[in-house]
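Since the structure comes first, as structure tokens, the remarks are kept for the end.
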Amino acid sequence: MVGLVIASHSRALAEAIVDLVRQIAPVGTGIAIAAGVGEDRREFGTDALEICDAIQSVYSSDGVVVLMDLGSAVLSADMALELLPVHMRTNVRLCAGPLIEGAIAAAVQAGLGKAMDTVCDEAQEALKPKTQHLSASAPADAGHDADAPWAQDTAPADLPLDPSVHRAIITLINPHGLHARPAAHFVQTAANFDARVTVRKLGSPGDPVSGKSLNKLATLGATERDQIEILAEGPQAAQAVDALRHLVESGFGEREPQPAAPVDQPPARLWADSHSQGTRIAATPVSEGIGIGPLYFLRAQTAAANISDDTIIDTGAEWQRLSRAIDATRRAIQQRRQQVEINLGAAQAAIFDAHALILQDEALLDRARQLVEGDHHNAMKAWHLATDEIAGAYRRLPDGYMQQRAHDVMDVAGQVLDTLGQETTQASHAAGDRLPGPVILVGRDFTPTQIAQLELDKVLGIITTAGSANSHAAILTRALGIPGVAGAGAGVEAIPEGTLLAVDGFDGCVWVSPTSQTLQELAARRTAWLHRQQQLRQSSHTLTVTRDGHRIEVAANLGGLVDAPAAIKNGAEAIGVLRTEFLYLTRKTPPSEDEQVAPLRQVAEQMNGRPVIVRTLDVGGDKAIPYLPLPPEANPFLGVRAIRLSLQQPELFLTQIRAILRAGAGYDVRLLLPMVTLVEEIEQARHLIDRAHESLSSAGIAHRWPMPVGIMVETPAAALHARVLAQRVDFFSIGTNDLTQYTLAAERGNPSLVQYGDALHPVILRLIHEVVTAAHDHGKWAGVCGEVASDPLAVPILAGLDIDELSLNAAAIPQVKAVIRALELPPAQRLARAALQASTANEVRQMARAFAAPHDPSTAGTLAPD
Amino acid sequence: MNQNVIDRDSVLQWLQACAQIINQKCDDLNQLDSAVGDGDHGVNMRRGFQAVVGKLPNVAGKDISDILKMTGMTLLSTVGGACGPLYATFFLQVAYVTTGKLALTLTDWAQGFEAGVNGILSRGKVKVGERTVADALVPAAQALKDALGAGQSFSSALRLCALAAQRGVQSTATLAAQKGRAALAGGTLTGMPDAGAMSAYLLVEATVTAWGNE
């Protein structure tokens with residue numbers, strides 16, 4: 001939606017205008033003010049910097065319209081444009097319209113989702129109604145109306161013969177006729193239909209005006225008891241006329257309630273009545289839940305449209321320019337990946353690994369380079385051509401999963417183009433479009449990047465018209481818990497924005513303008529669904545035991561400080577893995593001991609005595625650190641990473657150990673070593689931990705001792721050797737993501753190796769079983785902290801394998817706890833035993849599904865709980 | 001000062017002189033403005049230059065261009081009236097032209113001054129004869145250029161420049177306003193010079209105060 005900025009000499013005036021505009025504009029319209037100068041901005045004047053800030057505060061790719069009063073406001077606004085980041089400048093209009101009238105007209109058009117230029121034009125025309133009204137009432141003009149032929153005319157002579165044209169003549173009953181607020185209401189209603197709507201005041205000269213223009217409507221000067229004629233033409237002409245007739249006859253909701261009048265209905269009913277058909281569109285269910293709200297199209301945000309055909313002479317420099325943009329995009333993706341991993345867990349973040357891989361694809365890079373250096377294409381053009389070729393190749397593949405990868409390529413391609421388009425500024429990406437309010441998002445398909453940038457509290461549901469249930473965006477939608485459906489068909493794209501939609505993510509369907517009956521049913525189901533979620537969350541705060549009293553600890557994986565409150569809110573009984581990379585990654589020098597103690601302690605304090613397991617630095621492989629120059633490796637995942645790196649950098653490692661020991665003073669902090677393979681690694685690490693303890697003791701610094709030390713079991717070697725390792729550690733945490741990758745010898749980010757990525761493969765289950773029994777034989781405990789821990793299908797199997805702890809992303813905790821509480825151990829153990837004997841991961845999944853749905857007669861079998 | 005060049009400290013002195021002279025003439029500027037405007041030009045300019053002076057300690061170690069840039073940005077956000085963006089443009093343009101220079105020769109200053117004045121002309125879409133700052137600054141820039149061409153010393157060039165600005169201010173007394181809110185007053189002839197042109201002259205006069213002593 002287009003944002004608005006009001007620039008004025010007077011703060012009071014600007015604030016009052018915003019109040020006035022808010023009466024008319026839909027909730028969520030982005031309006032910012034820049035007004036006044038001096039310390040509290042109570043002195044008259046304008047400030048270009050404030051205008052510049054205001055523009056950025058409401059900026060989206062839809063653009064911003066700035067309205068201003070006079071004199072310095074104009075100069076300051078002009079100057080503010082030059083202070084904006086380059087990519088924003090062309091997307092801002094300084095509007096010459098009158099400040100107050102223009103602000104109202106602009107807000108209405110912006111609220112309707114109109115384009116920036118339309119909003120600006122409407123605001124510019126905003127003085128017309130007043131001008132015409134005042135000139136019409138001037139004595140000099142008074143006479144001519146009476147003699148005009150229209151004065152006797154109550155109906156037009158040329159009645160429409162075309163059946164596609166719908167028409168209604170209605171008398172205005174509200175006190176002020178089509179004045180600003182009702183006119184705005186009229187425009188908003190008309191805009192919801194795919195129909196050309198014109199309005200004429202009967203008995204008055206002048207051509208019919210557009211029913212979608214606030215200014216034109218207000219120009220009619222139609223007041224109480226005037227008759228207006230509404231004409232609509234187009235596919236939804238009938239509905240448009242019905243809805244508008246309803247609106248006018250109901251007095252725009254302004255009229256004093258009259259007992260006899262049956263027209264007094266709340267505006268919301270208008271949708272239901274005018275679309276009484278309440279069309280149901282079938283789609284693929286993507287994410288459970290029900291969402292009801294106005295349709296909002298999410299547009300693609302790429303710079304692809306701005307690609308020029310210019311050829312380049314200095315191809316070397318141009319290739320460097322492109323390389324820089326690719327590098328910058330890759331860094332941005334890695335940052336986003338960390339963010340998503342923190343919020344949603346490693347599995348969702350793996351999508352961005354795939355994206356980063358696309359940018360490292362040599363064939364793609366070579367092709368792009370050739371297009372620049374050989375064919376003299378400019379960077380954008382070359383990149384566009386090269387990525388288009390790859391995406392096209394994916395699209396031509398018969399496999400649906402591979403076709404989806406075309407979408408990933410285009411997502412990444414667009415990001416590089418955006419970077420190229422903005423590289424002259426230091427401004428960061430706009431964090432997604434501002435949504436006008438709570439909406440149902442509709443688009444052909446969304447990129448994971450788009451989904452990750454959404455303002456989640458405003459998204460009631462997500463509909464893709466062309467997407468599939470296994471696209472990356474669909475996976476993210478599920479992880480975020482937003483009701484969603486996919487593949488609703490191109491027809492949905494023809495529905496006017498703002499139309500009321502209901503998304504049913506259980507059955508996979510979309511209701512367009514649902515009838516009031518459907519709405520009630522859906523609302524009831526929605527309430528029940530929200531209630532169930534609420535219950536899950538509430539019951540999540542007690543300890544987790546199975547129905548027969550077997551305890552399994554449910555802990556949260558944490559990637560930073562910000563998520564600790566969310567983990568507690570969702571009922572985490574402990575922090576199963578506190579990743580510490582966040583302390584190291586976003587800086588130029590290694591963090592000092594003190595710099596590490598503070599945040600670690602903060603988490604421990606927030607957890608209030610519950611266990612916090614701190615994993616030491618896990619970098620190398622795919623995660624690089626600027627101040628740790630690591631030699632390039634042919635196989636980074638098999639190279640110097642995690643504990644291997646820490647042991648080669650004993651100073652860095654000692655500092656971290658000391659910080660963890662100190663943070664543990666008075667708290668249940670424990671230490672976890674990542675990716676241990678050899679007994680020697682534990683011995684060396686233990687040696688350093690002892691050294692840290694001794695130095696802290698001799699310096700008289702408080703710290704936790706003895707410190708429980710555990711290891712991540714991520715290599716097949718560690719799992720198979722668990723009996724030996726168990727004598728040297730206090731606990732095991734099985735990292736199923738890496739364990740799967742190393743055991744099945746398949747890189748996780750590689751999209752063509754997905755079938756090798758299932759942690760429920762019987763081989764992985766056998767390794768887990770080995771670790772758990774080894775631990776228990778030595779009086780130690782074992783947990784699972786991979787993605788599989790949050791998979792409701794996998795939880796009964798893990799419980800049956802006698803796992804002691806599950807550590808997962810906070811969002812999934814309530815559901816996992818609910819699954820455990822519904823379990824009884826003996827049937828889960830039978831399921832686990834059967835799973836260990838299975839031949840394929842698919843077989844295991846089938847068993848797990850049958851176990852989860854015992855009442856389905858087709859799958860009921862010996863595995864079902866008694 | 002060294003009579004051939006303006007160094008960083010000289011620039012700081014000039015800005016202080018500007019603040020001082022604007023402060024002294026604040027009431028006069030208000031009064032000139034109240035004839036056709038809202039009578040706040042002096043207050044606005046004083047607020048702006050007080051803010052600039054307050055920030056000088058922050059830029060004491062920076063080069064000339066940075067100091068001028070800071071001045072422009074500060075005026076931009078504190079003056080409030082139309083002169084804010086106009087003078088900001090002047091200082092930013094001079095800053096742009098003098099980028100990387102540790103000291104300014106007369107040639108540098110004349111070029112910078114001209115660029116600054118041109119910036120104002122295009123920002124305000126004004127020209128000579130419209131009763132604006134341009135009436136003081138355009139002849140001042142020309143005088144600097146002429147003095148440079150005639151081989152005048154730095155200090156006499158500055159005096160000639162200030163003299164031209166002063167004559168320009170006087171010329172506005174016979175002009176009707178055509179720009180900004182002043183124009184809304186109906187273009188009345190007041191017989192008084194334009195407040196904006198006056199403040200522009202004061203800033204030029206401050207160069208003589210700061211740099212004109214040999």
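Naming convention: chains lettered A, B, ... in sequence-line order (proteins, then strands); numbering from 1 in each chain. Fair warning: this is a prediction, and the values are worked out from it, not measured in the lab.
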## Note on the structure
Closest heavy-atom pair, A:D78 versus B:R123, reported as atoms and distance to 0.1 Å, is OD2-NH1, 3.4 Å
### Query
So what's closer than 4.5 Å to chain A heavy atoms on B:T78: side chain, backbone, both or neither?
backbone
## Note on the structure
So CD of A:E82 and OG1 of B:T89: to nearest 0.5 Å the spacing works out to 7.0 Å
### Task
Please report the closest heavy-atom contact between B:S77 and A:V37, naming both atoms and the distance.
O-CG1, 4.5 Å
### Query
Which pair of non-hydrogen atoms, one from B:A82 and one from A:L75, has the smallest distance, and what is that distance?
O-CD1, 3.6 Å
### Query
Nearest 0.5 Å, what's the CG-CD distance between B:D40 and A:E43?
9.5 Å
### Message
Counting only non-hydrogen atoms closer than 4.5 Å, does A:L83 touch chain B with its backbone (N, CA, C, O), its side chain (CB onward), both, or neither?
### Response
side chain
### Message
With a sphere of 6.0 Å drawn around NZ of B:K145, does it hold more than 12 non-hydrogen atoms of other residues, nucleotides or ligands?
### Response
no
### Query
Shortest non-hydrogen contact from B:G81 to A:S72?
C-CB, 3.0 Å
### Message
Could you report the tightest heavy-atom contact between A:M79 and B:A88, atom names first, then the distance?
### Response
CE-CB, 4.2 Å
